[in-house]
Amino acid sequence: MKAITVYGPRDARMETVPKPIATGDMIVAKVCRTGVCATDKSIYTGESSFIRSGEIKYPCRFGHEWAGIVESVGPDVKDFKVGDRVYADNFVACGVCEACKRKDYMKCPSTWSVGTVNAWDGCYAEYMQMPERHVYHLPDELSMDEGALIEPASIAYDAFRGVTLTKDDTAVVFGTGAIGMVSVWLAKYYGAGEVILVGRNDEKLKIGLEIGADHVINGKKEDAVAKIKELSLGKKGANLVVETSGSASALRDSIACSAKYARISVISFYERNVDDLPIDPLVLGHLSMVGAAGRDGNSPAVCEIMRTNPVKLTPVFTHHIPFKDSLDIFEHEEKYYNEKIKAMIAFDD
């Protein structure tokens, strides 16, 4: 099969490699869609902090957002058959430790991350191999694009775990990438009275309005913190802030725009330490700042929201690139940057 491996900074190659085999409890699926993630870009450029820390090592077959069709199943697979439409987790637990025997996969001491840290071979490939315990049926109501979006949507979903939103609450999202857009969509789904999206690109901000934002703010043109407080219910600031941009200034603004007792969910990776982060307002405001990332159970939960929510995420799919041309989005990123929210690599499906 054809697959892309990154051998070093800006050295990615499409090669012919052995096609995986469905043994034991393994499922082999033909990939139909692969989503392009900012993490993929940082692995390609070498700018990822995980490259510097040694947690991601070259060569790396990257990619972790995908959906496809089962082509073969191992003899121990029980709930899937050839032809099933599927998506999968972004990690693989060992399957044999005590935690895995309890199906408590997040406590497994020996995990692989798909296409990233301690990489399980990723999905810039014509076929994916995954153990049955990490594979899910893709509902007929969802497209392959939506199936490949479930993984980043599951990251956004984590920002809302343990959060209750009401019509009296203001939710603010920083960042107009796919995770930011899904966060807007979820904030409205969960009942926030006002949802505000902050970004730097007017065309992307307009898409935010299509999927749930009540107001948008271009941070290059306006004082975002002042505008958030003006627009927020009760003029007191945000009750929930979701920071998805990876910008140090947005992280500082997340604290500055928060109402008392607000929660700040940080989804981004930052390529360097953030200096001059204002801690006193965090303390005096009784704010909670938490990290949000993928965890077991997020993917099927957000899949069900996708299936039932009448507001669809179709507007976030801005590009479809044939697999044979997929290196172009990394080698010539400037062609895509201004319009790209979620680019999908399309295989014959």
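Computed from heavy atoms alone, side chains included, the values below leave out hydrogens, waters and symmetry copies.
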Exercise for the section: Examine F50 together with F269 and report whether their ring centres are nearer than 6.0 Å. Expected result: yes
Practice task
Would you mind reporting whether L231 and I217 have side-chain heavy atoms less than 4.5 Å apart?
Solution key: yes
Fill in the blank from the handout: All heavy atoms of S326 vs all of I345, minimum pair found to be CB-CD1, 3.5 Å
Handout entry: Side chain proximity check, K342 to M181, heavy atoms < 4.5 angstrom
Key = no
Practice task
Determine, using the 4.5 Å side-chain heavy-atom cutoff (strictly less than), whether V182 and Y136 are members of one ILVMFWY cluster.
Solution key: yes
Handout entry: R133/D89 ion pair, N-O < 4.0 Å
Key = no
Exercise for the section: Return yes if a side-chain donor-acceptor contact under 3.5 Å exists between T16 and K2, otherwise no. Expected result: yes
Practice task
Compare every heavy atom of S254 with every heavy atom of I264, then report the nearest pair and how far apart it is.
Solution key: CD1-O, 3.7 Å
Exercise for the section: With the side chain counted from C-beta on, respond yes when K103 and D296 share a heavy-atom pair under 4.5 Å apart, and no when they do not. Expected result: no
Practice task
Answer yes when R295 and D158 have at least one side-chain N-carboxylate O distance shorter than 4.0 Å, and no when they do not.
Solution key: yes
Exercise for the section: For the residue pair C97 and S110, establish whether any side-chain heavy-atom pair is separated by less than 4.5 Å. Expected result: no
Problem - E203 CD to T176 OG1 distance, which is reported to the nearest 0.5 Å - result: 11.5 Å
Exercise for the section: Tell me, with the steps shown, if Y124 and F330 meet ring pair (Phe, Tyr, Trp, His ring centres under 6.0 Å). Expected result: CA-CA 12 Å; Y124 285 87; F330 299 100; 5.8 Å; yes
Problem - pair M344-M144: side-chain heavy atoms closer than 4.5 Å - result: no
Problem - Path from M128 to V92 over hydrophobic side-chain contacts below 4.5 Å - result: yes
Problem - Pair S154-E151, side-chain donor/acceptor within less than 3.5 Å - result: no
Practice task
Please assess Y336 against D328 for the test side-chain contact (heavy atoms from CB on, under 4.5 Å), listing each intermediate value before the final yes or no.
Solution key: CA-CA 10 Å; Y336 303 87; D328 188 65; 2.5 Å; yes
Problem - Nearest heavy atoms of A119 and C60, plus distance in Å - result: CB-SG, 4.1 Å
Exercise for the section: Working to the nearest 0.5 Å, report the span between CD of E126 and CD1 of I4. Expected result: 10.0 Å
Practice task
Could you please spell out the steps behind the side-chain contact (heavy atoms from CB on, under 4.5 Å) verdict for Y189 and V311?
Solution key: CA-CA 9 Å; Y189 174 83; V311 180; over 6 Å; no
Exercise for the section: Tell me, yes or no, whether the heavy-atom count around K236 atom NZ, taken from other residues, nucleotides or ligands under 6.0 Å, exceeds 12. Expected result: no
Problem - Path from Y190 to V290 over hydrophobic side-chain contacts below 4.5 Å - result: no
Exercise for the section: Decide whether I196 and V225 are clustered together by the hydrophobic rule: side chain heavy atoms of Ile, Leu, Val, Met, Phe, Trp, Tyr closer than 4.5 Å, transitively. Expected result: no
Problem - Smallest separation among heavy atoms of D84 and H137, with atom names - result: OD2-CE1, 3.2 Å
Practice task
For Y7 and Y58, run ring pair (Phe, Tyr, Trp, His ring centres under 6.0 Å): C-alpha distance rounded to whole Å, both residues' side-chain angles, the deciding distance at 0.1 Å, then the answer.
Solution key: CA-CA 5 Å; Y7 283 90; Y58 297 124; 8.9 Å; no
Handout entry: For E71, side chain to side chain contact (heavy atoms under 4.5 Å, CB included) partners two or more places apart
Key = K19, V28, Y127
Exercise for the section: State whether the number of non-hydrogen atoms from other residues, nucleotides or ligands found under 6.0 Å of K335 atom NZ is greater than 12. Expected result: yes
Exercise for the section: Among R61, H134, Q129, H64, find the one that has a side chain to side chain contact (heavy atoms under 4.5 Å, CB included) with W120. Expected result: Q129
Handout entry: Pairwise distance CG(L240) to CG(L165) - rounded to 0.5 angstrom
Key = 5.5 Å
Practice task
Start with the C-alpha distance between D253 and I228, add both sets of side-chain angles, then the distance that settles side-chain contact (heavy atoms from CB on, under 4.5 Å), and finish with yes or no.
Solution key: CA-CA 10 Å; D253 285 350; I228 288 166; over 6 Å; no
Practice task
Please tell me if the side chains of M130 and V114 come closer than 4.5 Å, counting only heavy atoms from C-beta onward.
Solution key: yes
Practice task
Could you tell me whether K235 atom NZ has more than 12 heavy atoms of other residues or ligands within 6.0 Å of it?
Solution key: yes
Practice task
For the residue pair F317 and H320, categorise the inter-ring angle as parallel (less than 30°), tilted (30 to 60°) or perpendicular (more than 60°).
Solution key: tilted
Practice task
Find out whether D121 and V17 are in side-chain contact, i.e. whether some heavy atom of one side chain is under 4.5 Å from a heavy atom of the other.
Solution key: no
Problem - Side-chain cluster (under 4.5 Å, hydrophobic types only) that F91 belongs to, other residues - result: Y105, M106
Exercise for the section: Please lay out, stage by stage, how L251 and M289 fare under the test side-chain contact (heavy atoms from CB on, under 4.5 Å). Expected result: CA-CA 10 Å; L251 188 60; M289 181 178 284; 4.1 Å; yes
Problem - Spacing of D214 atom CG and L233 atom CG [to the nearest 0.5 Å] - result: 8.5 Å
Exercise for the section: Answer yes or no on whether K204 is positioned over the face of Y337, meaning its NZ or CZ is under 6.0 Å from the six-membered ring centre and within 45° of the axis. Expected result: yes
Problem - Residue pair V73 / A22: nearest heavy atoms and the distance that separates them - result: C-CB, 3.6 Å
Problem - Any residue meeting side chain to side chain contact (heavy atoms under 4.5 Å, CB included) with A29, in chain and number order, not counting sequence neighbours - result: W66, V86
Problem - Least distance between heavy atoms, E132 atom then I27 atom - result: CA-CD1, 4.0 Å
Problem - Connected via hydrophobic side-chain network under 4.5 Å: V266 and L277 - result: yes
Handout entry: Side-chain heavy atoms of Y157 within contact of I305, under 4.5 Å
Key = yes
Handout entry: CD1/I21: more than 12 non-hydrogen atoms of other groups inside 6.0 Å
Key = no
